[in-house]
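Below is one structure, written out as structure tokens; comments come after it.
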Amino acid sequence: MNKEKVICSCRKVTKGDIAKAVENGASSFKEVKKATQVGKGCGKCKKKAKKLTKKLLKKKAG
């Protein structure tokens, strides 16, 4: 995973930022959103951010 890849261009949130939020205890997209501000601009990134969050949470649990 390229942790430098920007997911949310409005808030400059990267894959690494989302991964860090999950590592730091975020257990849902809502918590990731609160920690990173992802999806709070235009909203175009929400689908990608939710998918990545789900993948990272599954990986963490598994």
Side-chain angles (χ1 to χ4, degrees):
M1 175 171 71
N2 179 2
K3 291 186 181 232
E4 299 299 314
K5 183 168 170 109
V6 175
I7 294 287
C8 176
S9 56
C10 294
R11 305 287 181 178
K12 308 288 185 270
V13 179
T14 64
K15 284 185 173 186
D17 295 328
I18 293 172
K20 191 179 286 183
V22 170
E23 288 168 20
N24 290 338
S27 60
S28 67
F29 176 68
K30 189 175 182 180
E31 290 178 8
V32 168
K33 187 176 173 180
K34 188 175 180 182
T36 64
Q37 303 296 304
V38 71
K40 288 193 171 186
C42 72
K44 286 183 182 178
C45 63
K46 269 188 179 179
K47 192 174 181 182
K48 276 187 193 176
K50 279 184 181 181
K51 188 175 178 181
L52 178 60
T53 301
K54 189 175 180 179
K55 180 179 168 185
L56 291 169
L57 287 171
K58 190 175 181 182
K59 189 175 177 182
K60 185 179 178 183

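Just so you know, residue 1 is the first one in the sequence shown, and it goes up from there.
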message: Within a 6.0 Å radius of atom NZ on K55, are there more than 12 heavy atoms belonging to other residues, nucleotides or ligands?
response: no
- prompt: Measuring from C8:SG to K44:NZ, what's the distance to the nearest 0.5 Å?
  reply: 11.5 Å
message: Just checking K15: does its NZ atom have more than 12 heavy atoms from other residues, nucleotides or ligands closer to it than 6.0 angstrom?
response: yes
query: Would a 4.5 Å heavy-atom cut-off, applied to side chains only, mark V32 and V38 as touching?
result: yes
field: Distance-minimising heavy-atom pair for C10 and C42
entry: SG-N, 3.5 Å
Residue pair L52 / M1, side-chain heavy-atom distance below 4.5 Å: yes
message: Using a 3.5 Å distance criterion without hydrogens, assess whether the side chain of N24 forms a donor-acceptor pair with backbone atoms of K20.
response: yes
message: Walk me through whether K60 and V22 qualify under side chain to side chain contact (heavy atoms under 4.5 Å, CB included).
response: CA-CA 8 Å; K60 185 179 178 183; V22 170; 3.9 Å; yes
query: Going by heavy atoms in the side chains, are I18 and I7 under 4.5 Å from each other?
result: yes
query: Would you say the side chain of K46 lies within less than 4.5 Å of the side chain of K33, judging by non-hydrogen atoms?
result: yes
- request: Could you tell me the separation between the OG atom of S28 and the NZ atom of K50, rounded to the nearest 0.5 Å?
  value: 10.5 Å
message: I want to check something: taking the side chain as every heavy atom from C-beta on, are T14 and K5 in contact at a cut-off of under 4.5 Å?
response: no
message: For K40, is the NZ atom crowded, meaning more than 12 foreign heavy atoms sit under 6.0 Å from it?
response: yes
task: Would you give the length of the straight line joining atom CD of E31 to atom CG of L57, rounded to the nearest 0.5 angstrom?
output: 9.0 Å
